[in-house]
Colleague: 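Encoded as C-alpha cells, here's the structure I'll be asking about.
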Amino acid sequence: MLETIANSGHDFPVHYVHGAENGRVHAMGSHVRDIAKDWKSFRTAIFYGNPHVRDERGIYFDHDGYITVD
C-alpha cells in the first residue's frame, strides 16, 4: 500500500504508524526509511516496545513503548 501511494505522483500528507518489539524484528524498516527520505510530506511514527542497544531513536524508530490510544 505504501509503495502504491509513494509511486502515485501525488504529494499529499501521509502518516505511517508502525510498532515492533525492536529493530531486529522490524519488518521492512529499511525499505520504509528509503521511501521516507525522498518524500517531503511523509511522516512516520515508529514505536519500539523494547529497543535493542543498537537501535537509535530518530534513525530507526521514533518512540519508546507501545502504540496506545493516547
Side-chain angles (χ1 to χ4, degrees):
M1 225 184 310
L2 182 59
E3 286 180 354
T4 299
I5 295 168
N7 293 327
S8 71
H10 296 287
D11 190 30
F12 47 82
V14 173
H15 300 273
Y16 178 85
V17 180
H18 182 85
E21 190 63 20
N22 56 47
R24 291 180 174 178
V25 296
H26 184 170
M28 298 180 12
S30 61
H31 185 61
V32 170
R33 285 190 297 278
D34 285 343
I35 292 172
K37 71 181 178 186
D38 296 325
W39 192 355
K40 294 176 185 166
S41 59
F42 181 70
R43 301 290 178 258
T44 62
I46 298 172
F47 294 77
Y48 280 3
N50 187 23
H52 185 269
V53 67
R54 294 186 197 136
D55 294 331
E56 294 182 53
R57 181 198 304 251
I59 295 176
Y60 299 109
F61 70 106
D62 303 303
H63 307 282
D64 288 319
Y66 297 99
I67 300 170
T68 66
V69 174
D70 297 329

Colleague: With hydrophobic residues grouped by side-chain heavy-atom distances under 4.5 Å, do Tyr60 and Phe47 end up in a single group?
Modeller: no
Colleague: Given side chains that start at C-beta, do those of Ile5 and Phe42 come closer than 4.5 Å, heavy atoms only?
Modeller: no
Colleague: Do the charged groups of Asp64 and Arg57 touch, with an N to O distance under 4.0 Å?
Modeller: yes
Colleague: May I ask you to test the Tyr66-Glu21 pair for a side-chain heavy-atom distance under 4.5 Å?
Modeller: yes
Colleague: When hydrophobic residues are tied together by side-chain contacts of less than 4.5 Å, even through go-betweens, does Tyr16 share a cluster with Phe12?
Modeller: yes
Colleague: Filter on side chain to side chain donor-acceptor pair (under 3.5 Å), then keep only pairs touching residues 25-35, sequence neighbours left out; what's left?
Modeller: Glu3-His31, His26-Tyr48
Colleague: Keeping the roles fixed (side chain from Arg54, backbone from Pro51), state whether a donor-acceptor pair exists under 3.5 Å.
Modeller: no
Colleague: What pairs with His52 under side-chain hydrogen bond (donor to acceptor under 3.5 Å, both in side chains), at least two apart in sequence or on another chain?
Modeller: Arg24
Colleague: Once side chain to side chain contact (heavy atoms under 4.5 Å, CB included) is applied, do any residues pair with Asp62, and if so which ones, sequence neighbours excluded?
Modeller: Thr44, Ile46
Colleague: Nearest 0.5 Å, what's the CG-CG distance between Asp55 and Asn50?
Modeller: 9.0 Å
